[in-house]
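Below you'll find the structure, written out as structure tokens, and then a few comments.
In the text below, chain A, chain B and the rest are named by the order of the sequence lines, each starting its count at 1. Note that the structure is a prediction, hence the values are computed from the model and not measured.
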There are 2 protein chains.
Amino acid sequence: MASLGDLERSVMDLLWDSTEAQTANSLRDALAHAGAEDGKELAVTTVLTVLARLEKKDLVARERDTRPHQYRAVMSREEHTVELMNEALGNVMDREAVLARFIGGISGGEAAALRRLLEGPAAEAARPLDSGTPHTTSGQSA
Amino acid sequence: MASLGDLERSVMDLLWDSTEAQTANSLRDALAHAGAEDGKELAVTTVLTVLARLEKKDLVARERDTRPHQYRAVMSREEHTVELMNEALGNVMDREAVLARFIGGISGGEAAALRRLLEGPAAEAARPLDSGTPHTTSGQSA
DNA sequence: GAGGTATTCTACGTCGTGTAGAAGTTATTC
DNA sequence: GAATAACTTCTACACGACGTAGAATACCTC
């Protein structure tokens, strides 16, 4: 219940980038974006279906009040990625062993960044960093 | 090409545990294990099919010389998990942002372990730690 | 070589995803 | 306010991954 298909990912990419730019997205946007991504001309309903599925997966929130519905990513790309990583980790007993192997494979720059985050003020690393993180707190009236 | 189904995971769990215990596994073992896991009595061919699929996915190596073929996990559970994590990470631009959020969510003990691994002799963390890691270097004659 | 065990081949049901038509709803415009 | 255009919902099909397994074939043992 996590990994995305190609089209789904394409749509999420748009929504994620738009979230950063504080922009809302309509079906048209998604259609244009997805179409541009793989050169194909998709049907409107195709993208709509994908959006609906992403909504059901709680990856996308839909503003049903506005006329052309507005779509937003529920969580950031980074948060989603972390969820995937934790999902992968969820199945192992020895999490530390996995983490050891994991950091053995990251780049020097990333290792340095991790070191900084872990050494620095612990609060900063432990804080959920709620800056600009989108939430699902909308009316959602039927 | 990564995440596993329930039966596949069940079989892999056996193989992974056996790898640690330096034990080889036959179809019988897998059948018994998978059957015990979810209480159901599976058909032999079912497990065989799963094993074949896992082999095709390069998650399992099969010793075809011995009569009841012997099955082994190609990589450890930890290595596989790391692969999944990297697969998740593969799609993002800002890896460091993800890592920041990721370590924000791990436990104190794990953070401490990471700190130890990152601060300690860098060589130890950077080394692929090849202790007991199974490889696919077998005859594999048709 | 008969009998049992192991392996391969083939196949079907289900679910997730890409894809989209048909029909219904809402807004716009004259 | 009726035609029209845009938008949304419903429904459906194809395909690949996975669970499941029967039928057929290969292999070993006595």
Side-chain angles (χ1 to χ4, degrees), chain A residues 1-15 24-72 84 87 91 140-142, chain B residues 1-15 24-72 84 87 91 140-142:
Chain A
M1 178 67 97
S3 166
L4 302 171
D6 288 343
L7 221 198
E8 289 178 328
R9 169 152 297 278
S10 173
V11 169
M12 284 312 296
D13 275 339
L14 167 70
L15 297 188
N25 289 104
S26 69
L27 165 65
R28 286 293 138 190
D29 304 324
L31 182 61
H33 180 80
E37 281 248 314
D38 48 45
K40 256 181 278 184
E41 196 67 42
L42 293 171
V44 196
T45 48
T46 298
V47 178
L48 224 5
T49 301
V50 167
L51 280 167
R53 285 176 185 162
L54 290 170
E55 191 190 10
K56 186 189 253 173
K57 290 191 207 176
D58 276 322
L59 288 173
V60 162
R62 183 196 304 222
E63 211 77 67
R64 281 191 155 80
D65 306 329
T66 58
R67 199 65 269 287
H69 293 184
Q70 295 295 320
Y71 302 87
R72 297 178 296 106
L84 287 186
E87 205 175 296
N91 304 306
Q140 205 79 353
S141 55
Chain B
M1 178 66 97
S3 166
L4 302 171
D6 289 342
L7 222 198
E8 289 178 329
R9 169 153 296 279
S10 174
V11 169
M12 284 312 296
D13 275 339
L14 167 70
L15 299 188
N25 289 104
S26 68
L27 164 64
R28 286 293 139 189
D29 304 325
L31 181 60
H33 179 81
E37 281 249 314
D38 48 45
K40 255 180 279 183
E41 197 66 42
L42 293 172
V44 197
T45 47
T46 298
V47 178
L48 224 5
T49 301
V50 167
L51 280 166
R53 285 179 184 160
L54 289 170
E55 191 190 10
K56 187 189 252 173
K57 290 190 205 176
D58 276 323
L59 288 173
V60 163
R62 182 196 305 224
E63 211 76 67
R64 280 192 154 80
D65 305 330
T66 58
R67 195 69 268 289
H69 293 183
Q70 295 295 319
Y71 302 87
R72 298 178 295 106
L84 287 186
E87 204 176 295
N91 303 307
Q140 205 76 355
S141 53

B/S/- contact track for nucleotides 1-12 of chain D, protein heavy atom under 4.0 Å: ------SBB--B
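Residue Thr46(A) places at least one side-chain N or O closer than 4.0 Å to OP1 or OP2 of dA20(C). Taking 4.0 angstrom as the limit, Lys57(B) places none of its side-chain polar atoms (N or O) nearer than this to OP1 or OP2 of dA17(D). Remark: Lys40(B) is in phosphate contact with dT20(D), judged by side-chain N or O atoms under 4.0 Å from OP1 or OP2.
Pairing each heavy atom of Val47(B) with each of Ala30(B), the nearest pair is CG1-CB, 3.6 Å. Nearest heavy atoms, Asp29(B) versus Ala24(B): OD2-O, 3.9 Å.
Scored by the side-chain contact (heavy atoms from CB on, under 4.5 Å) test, Arg9(A) finds Leu4(A), Asp13(A), Trp16(A), His80(A), Asn91(B) as partners (sequence neighbours excluded).
The shortest distance between side-chain heavy atoms of Val44(A) and Arg28(A) falls below 4.5 Å.
Interatomic distance, Thr49(A) OG1 to Leu54(A) CG, rounded to the nearest 0.5 Å: 10.5 Å. If you take CG on Asp38(B) and CG on Asp6(B), they are separated by 8.0 Å, rounding to the nearest 0.5 Å. For the atom pair Gln70(B) CD and Ser26(B) OG, the distance stands at 6.0 Å (nearest 0.5 Å).
Residue Leu59(B) contributes atom CG, which lies 14 Å from atom P of dA17(D) at whole-angstrom precision. Distance CG (Asp65(B)) to P (dC27(D)): 13 Å, rounded to an integer number of Å. Residue Leu51(A) contributes atom CG, which lies 12 Å from atom P of dG18(C) at whole-angstrom precision. A straight line from CG of Leu54(A) to C1' of dG18(C) spans 12 Å, rounded to a whole angstrom. Distance Glu8(A) CD to dC15(C) C1': 13 Å, rounded to the nearest Å. As a whole-Å value, the separation of Asp6(A) CG from dT17(C) P is 11 Å.
With the nearest nucleotide of DNA chain C identified for both Leu4(A) and Ala43(A), Leu4(A) has the one nearer the 5' end.
Applying the side chain to side chain contact (heavy atoms under 4.5 Å, CB included) test between Val11(A) and each of Leu59(A), Val50(A), Asn25(A) identifies Val50(A) as the sole match.
An angle of 0°, rounded to 10°, separates the two end axes of the helix from dG1(C)-dC30(D) to dC30(C)-dG1(D), each defined over five pairs.
Within the 3.5 Å criterion, the main-chain N or O of Ser10(A) finds a donor-acceptor partner in the side chain of His33(A).
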